[in-house]
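Here is the structure we will look at.
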Amino acid sequence: RRVHGIFFNLKQMQPQAVPPKPEPPSEDQVAEIREIFTLFDKDCDGFVSVEELGTMLRALNHNPTDAEVDTLKKDIAQGAEKFDQNAFIVAVMKRGKDTETMDDLVEALGVLAGEGDKPSTIRAEKFKYYMVNKGEQIPAGDFNELMADLDIIHEDCINIEELAKILLTKQNLNLFDY
């Protein structure tokens, strides 16, 4: 979840374009969505708790913000505590797939770096400030632990492309849990 927070803090700080209209799902996509739903339907009654929605989306390699999950919870369950498989399929298709690319992430990190930083780097303290104090805030201790685990701070700077590669790799592997 630490990497998830970093990725979406960056996403929220960028101007947002109008999202493209999602394409109709393929048979394989529907099968994958149904499989995830079945895994979460623990009592086999055809319903899943709305509290599982964010986890289910992340299991499909979607990476919604907490705000997006809250909005989808309201839409999908319409006030109920549970939702069915068809409502889940509609919600997944309505939301669409995340389309962040390496270039998008490098650009977002570059905007954060701003003036005063070396080309293609961001000062570690500046990056920490944004991640700990803005958007979906990450506790300072968790941020420090993550940076130590990733071992990407050199001379108090973080290479933007190296960080972007790590974030995209972690996003694709769905390794966002604290």
Side-chain angles (χ1 to χ4, degrees), residues 1-109 130-132 134-139 142-143 145-146 149-150 163-178:
R1 188 136 169 127
R2 289 178 291 208
V3 173
H4 169 72
I6 290 172
F7 193 79
F8 284 102
N9 278 356
L10 296 172
K11 181 177 170 184
Q12 290 173 348
M13 291 177 195
Q14 285 293 306
Q16 298 296 313
V18 175
K21 186 175 180 180
E23 296 179 21
S26 69
E27 288 181 29
D28 289 342
Q29 288 172 315
V30 172
E32 183 181 18
I33 294 166
R34 289 183 190 282
E35 180 180 350
I36 293 299
F37 185 90
T38 302
L39 290 172
F40 283 84
D41 182 11
K42 294 179 179 29
D43 57 5
C44 300
D45 68 350
F47 293 91
V48 173
S49 168
V50 292
E51 297 307 313
E52 299 286 355
L53 183 59
T55 306
M56 293 171 73
L57 289 168
R58 290 180 184 101
L60 291 167
N61 289 321
H62 289 240
N63 295 299
T65 63
D66 290 341
E68 287 174 309
V69 172
D70 289 342
T71 299
L72 282 171
K73 283 179 183 179
K74 291 174 188 167
D75 291 346
I76 195 170
Q78 299 175 357
E81 295 296 316
K82 294 185 172 193
F83 59 93
D84 65 14
Q85 190 175 85
N86 289 334
F88 183 55
I89 292 169
V90 170
V92 170
M93 292 299 105
K94 179 180 173 184
R95 183 180 182 281
K97 189 77 169 158
D98 294 317
T99 58
E100 285 81 14
T101 66
M102 177 72 163
D103 291 338
D104 295 334
L105 195 48
V106 167
E107 182 180 340
L109 288 164
Y130 284 116
M131 298 302 108
V132 171
K134 304 289 183 182
E136 290 187 24
Q137 299 172 1
I138 300 167
D142 290 340
F143 178 85
E145 182 182 328
L146 178 64
D149 290 348
L150 295 177
L163 178 60
K165 285 178 190 174
I166 289 169
L167 291 174
L168 286 175
T169 300
K170 299 291 185 193
Q171 175 190 10
N172 291 335
L173 294 175
N174 206 25
L175 299 176
F176 301 131
D177 296 325
Y178 281 91

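Here, residue 1 is the first one in the sequence, and each next residue gets the next number.
Annotation: the span from F40 atom CZ to F83 atom CZ amounts to 9.0 Å, rounded to 0.5 Å. To the nearest 0.5 Å, atoms CG (L39) and OG1 (T55) are separated by 12.5 Å. With rounding to the nearest 0.5 Å, the separation of CG in L57 from CD in E68 is 9.0 Å. One finds the CD atom of Q85 at 11.5 Å from the CD1 atom of I36 (value rounded to the nearest 0.5 Å). The CZ atom of F37 sits 6.0 Å away from atom CG of D84, with the distance rounded to the nearest 0.5 Å.
Contact annotation: the side chain of V92 approaches that of H62 to within less than 4.5 Å [non-hydrogen atoms, C-beta and beyond]. Taking the side chain as every heavy atom from C-beta outward, L60 and F88 approach each other to under 4.5 Å. Side-chain contact between I33 and M93 is present, with at least one heavy-atom pair separated by less than 4.5 Å.
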Inset, instruction - Could you walk me through whether V50 and K82 pass the side chain to side chain contact (heavy atoms under 4.5 Å, CB included) test, one step at a time? - result: CA-CA 5 Å; V50 292; K82 294 185 172 193; 6.0 Å; no
Inset, instruction - Tell me, with the steps shown, if D28 and E32 meet side chain to side chain contact (heavy atoms under 4.5 Å, CB included). - result: CA-CA 6 Å; D28 289 342; E32 183 181 18; over 6 Å; no
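A salt bridge links D66 to R58: one of the charged nitrogens lies within less than 4.0 Å of a carboxylate oxygen.
Applying the salt bridge (Lys or Arg N to Asp or Glu O under 4.0 Å) test to E51 and every residue at least two apart in sequence or in another chain returns K73. Applying the salt bridge (Lys or Arg N to Asp or Glu O under 4.0 Å) criterion to D75, with sequence neighbours excluded, gives K94.
Looking only at distances, no side-chain donor or acceptor of E52 sits under 3.5 Å from a matching main-chain atom of S49. Counting only distance, with no hydrogens or angles, the side chain of D41 and the backbone of G46 share a donor-acceptor pair below 3.5 Å.
Contact between I76 and A91 at its shortest, heavy atoms only, is CD1-CB, 3.7 Å.
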